[in-house]
Structure formats: C-alpha cells, structure tokens
Amino acid sequence: MAWHANIVTLFPEMFPGPLASSLAGKGLSKKIWDISTVAIRDFATDKHRTVDDTSYGPNAGMILKPDIVHSALTFATESAPCPLPILFMTPRGATFTQAMAQKLSSGNGVIILCGHYEGIDERVIEYWTQNHGLTEVSIGDYILSGGEIAAFSVLDACIRMLPNIVHNSASIEEESFYLDLLEYPQYTKPYRWQNKVVPEVLLSGNHKKIAEWQKVQAEDVTRVRRPDLWQAYLNKKTMD
Ligand code: ADE
C-alpha cells in the first residue's frame with residue numbers, strides 16, 4: 001500500500017505543488033506514496049461558505065471555527081485507508097526533527113491539518129489532541145502565512161526516506177549515522193577550481209582514512225556552527 005498523505009486545508013489547490021517534482025514527484029508517479037486533500041471550506045454550513053469568525057477578546061483577526069475544522073478532520077480520518085497519525089502545523093508546536101521524519105516515514109502515512117489566518121479555535125485542537133493523539137508541529141521559529149508550506153517540508157523529509165524511492169540508500173544510512181552532526185564538506189571534479197584544490201585525503205583511495213577525515217570535518221563544523229548540537233552530541237557520547 002502506498003504511503004498516504006491527507007492534507008486538511010483551505011487551499012487544496014496548493015497540493016501536490018513542489019512535491020510533484022524531483023524525488024518526491026518520481027515516487028508519486030510510481031505510486032510509492034499518494035496524496036489527497038480535504039477542503040475545509042466544503043464543511044461550511046451556510047450559503048456564504050463561512051469558515052471563520054472574529055476572535056473573542058480585543059485582538060482583531062479571524063479564527064477558524066471549531067465545528068467546521070472538526071467536521072473536516074472527522075472526514076479525513078474516516079476516509080483514510082487505515083488509522084494515521086495527525087499533525088497540526090503551527091509555530092507553537094514541537095520543532096520537527098529528522099527523528100520525527102524517520103518515524104512517520106516508517107508508518108503508513110500522515111494526516112496534516114494546516115491552519116490559516118490568525119488561527120484555529122483552541123477547543124478543536126484540544127479535543128483532537130486528547131481523543132485522537134493530534135500532535136502540534138513547527139518547522140522553525142518564524143511565522144508562515146499558513147501551515148501548507150510547513151507541510152511541504154514535513155512531507156518531503158518523510159517521502160525521501162520511503163523504501164523504493166530512487167535514491168542512494170547508502171547515503172540515507174550514512175545520514176542516520178551522522179544524524180547528530182552537520183554534514184562534512186563534499187567535492188567533485190574538477191580537481192582544481194578558482195585555484196582551490198580538493199583535499200588530498202579524498203584522492204588517497206584509503207576508505208578508512210577518508211571516513212576518519214569526514215568525521216573530524218563533521219565534528220569541526222558542528223562545534224563551530226552549532227554549539228547546541230555539539231553539546232548534545234558530547235552528552236550522548238558520554239552516555240553510550
Ligand atoms: N504555520 C505558520 N508558521 C508555521 C511554522 N513555523 N511551522 C509550522 N506551521 C506554521
């Protein structure tokens with residue numbers, strides 16, 4: 001069965017969007033994964049197809065109504081081929097990580113709720129968290145105009161690791177080996193460019209020496225650029 005993405009959104013026409021190109025696009029045509037959308041507006045009950053209303057409190061802004069989001073999520077879960085984890089894209093969520101991508105990728109797929117405008121009524125998020133294990137996920141500390149672009153990131157990170165997606169699986173394995181570190185520098189031909197040459201060790205043909213050099217490079221770049229990751233790496237090493 002294909003890995004299934006179901007996107008609950010006000011803008012279904014945005015999908016599959018960029019995921020129809022590159023690696024994900026190939027996987028989509030090969031039916032390794034598939035995608036469906038649930039248009040939140042289809043669940044509006046009035047003739048103007050209203051989905052939002054003014055927020056309680058002094059702040060201006062429109063909030064998606066809980067009953068409508070609830071109907072859309074209910075439809076999404078009931079139409080899924082099997083029970084799937086549910087994510088809600090929001091800057092208030094836990095930061096999305098490679099480990100989360102790996103976990104989702106090894107499952108049957110995902111339902112992603114995308115918010116828009118000022119937000120979604122808190123009660124429907126609370127209800128789905130308590131009753132259906134909804135998880136709030138952020139892709140970083142910045143505000144997008146909606147969850148859709150965040151959902152593309154989450155989906156791409158999952159899809160590229162699906163079995164049978166045409167990639168160099170050795171490179172995925174290597175990534176998981178180096179998960180806690182930033183990537184070491186890489187080079188291709190020509191040997192000399194702008195008077196810069198490729199590090200000598202890479203021409204040696206000595207795989208063990210090359211692996212050692214790459215590890216030192218990965219450690220150096222991590223220590224300098226990401227002290228937070230470096231500290232976590234050191235802590236993990238002392239626990240092993
Ligand atoms: N929606 C708006 N901003 C977002 C972010 N940073 N991550 C996930 N969803 C979002």
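Just so you know, these numbers use all the heavy atoms, side chains as well, and skip hydrogens, waters and symmetry mates. Atoms within each ligand, like the ligands themselves, are counted from 1 in listed order. Keep in mind the model is a prediction, meaning the values are calculated, not measured.
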When you measure from [atom] to every protein heavy atom, which one gives the shortest distance, and what is it?
atom                    : value
atom 10 (C) of ligand 1 : Pro91 CD, 3.5 Å
atom 7 (N) of ligand 1  : Ile139 N, 3.0 Å
atom 9 (N) of ligand 1  : Thr90 N, 3.1 Å
atom 3 (N) of ligand 1  : Leu144 N, 3.0 Å
atom 6 (N) of ligand 1  : Tyr142 O, 2.8 Å

Any sub-3.5 Å donor-acceptor pair from [X]'s side-chain atoms to [Y]'s backbone N or O?
X      : Y      : answer
Tyr191 : Thr188 : no
Trp3   : Leu104 : yes
Ser55  : Asn59  : yes

Would you say the side chains of Thr50 and Asp46 form a donor-acceptor pair under 3.5 Å?
-> yes

Counting only pairs under 3.5 Å, give me each side-chain donor-acceptor contact of residues 5-15, with atom names and distances, residues two or more places apart or in other chains.
unit_1, atom_1, unit_2, atom_2, d
Asn6, OD1, Ser36, OG, 3.2
Thr9, OG1, Phe11, N, 2.8
Thr9, OG1, Glu148, OE2, 2.5

Quick one: does ligand 1 sit under 4.0 Å from the side chain of Ala150, the backbone, both or neither, non-hydrogen atoms only?
-> side chain

Heavy atoms of other groups near Leu144 CG, more than 12 under 6.0 Å = yes

Contacts table for residues 227-235: side-chain donor-acceptor under 3.5 angstrom, sequence neighbours left out:
unit_1, atom_1, unit_2, atom_2, d
Asp228, OD1, Arg226, NE, 3.0
Asp228, OD2, Arg226, NH2, 3.0
Gln231, NE2, Asn235, OD1, 3.3
Tyr233, OH, Glu219, OE2, 2.8
Asn235, ND2, Gln231, O, 3.4

Sub-4.0 Å heavy-atom contact, Gly146 with ligand 1 = yes

Val137: heavy atom below 4.0 Å from ligand 1, yes or no?
-> yes

Short list, please: which atoms of ligand 1 are under 4.0 Å from a heavy atom of Gly140?
-> 6 (N)

